[in-house]
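Each remark here refers to the structure printed beneath this line.
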Number of protein chains: 2
Amino acid sequence: MVSFSGLQFHDRAPVYQQIAEYLKRQILLGTVQDGDPMPSRRELAAQTGINPNTAQKAYRLMTEEGYIYTDGNNGSVVRLTPELRAAIDEELTRGLVERFVEEAKQNQLSYKRVIALVSELWGDE
Amino acid sequence: MVSFSGLQFHDRAPVYQQIAEYLKRQILLGTVQDGDPMPSRRELAAQTGINPNTAQKAYRLMTEEGYIYTDGNNGSVVRLTPELRAAIDEELTRGLVERFVEEAKQNQLSYKRVIALVSELWGDE
DNA sequence: GCGTGTGTATTACGGGTATAATACAGTCAA
DNA sequence: TTGACTGTATTATACCCGTAATACACACGC
């Protein structure tokens, strides 16, 4: 059963999008695999403290994007193909860095300074 | 006269916030300096194709943040102190990188991979 | 059968954002 | 003085987001 107990919301994106993104992260981490059952709408809502309607909206989004499917009354299940996994990696990894680089350039930051700041702010490693 | 003709809006933030951020970028670039006159609300609205009320909202935000002040009926003027400039740099530079690093860590990206991706996607330089 | 849980749908409300249409008072040049 | 511009304010509408309260049909175990 896919768990959303570790999900912490922020206010920079709609809640239902954050839920979908959380699932994608779990997929990339290998925590969630093809065929894994999703909690019910009401259970997810209870886990995360949101409204069941918002949970339903998240499931609709994930269904539209192809990451889950719903079998009648038996709940929803994760669907994962190599293509979907590649799409997630593209969005969460390259897409993240692409948006950052674009914004950094828009702010006229130099490559050198960006690298220095990333190194400084990364902390350990 | 401060110009907003180069401003291109996106939909990830309210328009009035994007206007304020654009001014801050111009300040960091040195294009805008202390005492520079701002266009009128209606002129900014015409320049950028937005509603004068939204422009007014942006001016109110910039006034509250201290980057402009309004002299009665004579229009608004940019105010720039070393403290304000430092605050802008903190927000637009360090803040940007901080949010990126946080999100990258949340997605379990390694420091090494992030640096590699930034280098790859940066292009020239 | 009955209760519980399931997915799904509808309606309503509040808040934030943006637009739209005005309105008013002040300034200033013609 | 008149007209055009200025900043400022108000009201209305519309959309998205999230919550809230229901409602319905279906499936399953007791």
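Since this is a predicted model, take the numbers as computed values, not measurements. Any value given below was found using the heavy atoms of this structure, including those in side chains, with hydrogens, waters and symmetry copies removed. Each chain gets a letter, A, B and so on, in the order the sequences are listed, and its residues count up from 1.
Within 4.0 Å of A:Y16, counting heavy atoms only, lie sugar-phosphate atoms of the nucleic acid but no base atom.
DNA chain C lies under 4.0 Å from at least one heavy atom of each of the following residues of residues 46-56 of chain A: A:N53, A:Q56. Taking every heavy atom of residues 61-74 of chain A and every atom of DNA chain D, pairs under 4.0 Å involve A:N73, by number.
Protein chain A touches strand DNA chain C; the 5'-most and 3'-most nucleotides with an atom under 4.0 angstrom of its non-hydrogen atoms are C:dG5 to C:dT10.
Using a 4.0 Å cut-off between charged side-chain N and carboxylate O, A:E21 and A:R25 make a salt bridge. With respect to A:E103 and A:R99, no salt bridge is recorded, no charged nitrogen being found less than 4.0 Å from a carboxylate O. Salt bridge annotation for A:R113-B:D89: present, with a cationic side-chain nitrogen under 4.0 angstrom from a carboxylate oxygen.
Heavy-atom distances to DNA chain D give each of B:S76 and A:V15 a nearest nucleotide, and the one nearer the 5′ end belongs to B:S76.
No continuous path of hydrophobic side-chain contacts links B:L61 to B:V77 [ILVMFWY only; heavy atoms under 4.5 Å].
Looking at A:L92 and B:L109, their side chains never come closer than 4.5 Å, going by heavy atoms from C-beta outward. Side-chain contact between B:P37 and B:V2 is absent, with no heavy atoms from C-beta onward closer than 4.5 Å. By the 4.5 Å heavy-atom criterion applied to side chains, B:F9 and B:T48 are counted as neighbours.
Atom NZ of B:K57 is separated from atom P of D:dT10 by 14 Å (rounded to the nearest Å). Here D:dT19 presents its P atom at 11 Å from CG of A:L44, a figure rounded to the nearest Å. Atom CZ in A:F9 sits roughly 15 Å away from atom P in D:dC17 (whole-Å rounding).
Around the OH atom of B:Y69, the shell of radius 6.0 Å holds no more than 12 heavy atoms that belong to other residues, nucleotides or ligands.
Using cut-offs of 30° and 60° on the angle between ring planes, the pair A:Y22 and A:F4 is tilted.
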TODO: Evaluate the side chain to side chain contact (heavy atoms under 4.5 Å, CB included) criterion for residues A:L121 and B:F100: first the C-alpha distance (whole Å), next the side-chain angles of each, then the deciding distance (0.1 Å), finally the verdict.
DONE: CA-CA 10 Å; A:L121 295 172; B:F100 169 69; over 6 Å; no
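When atom types are taken as modelled, the side chain of A:K105 and the backbone of A:S110 share no donor-acceptor pair closer than 3.5 angstrom.
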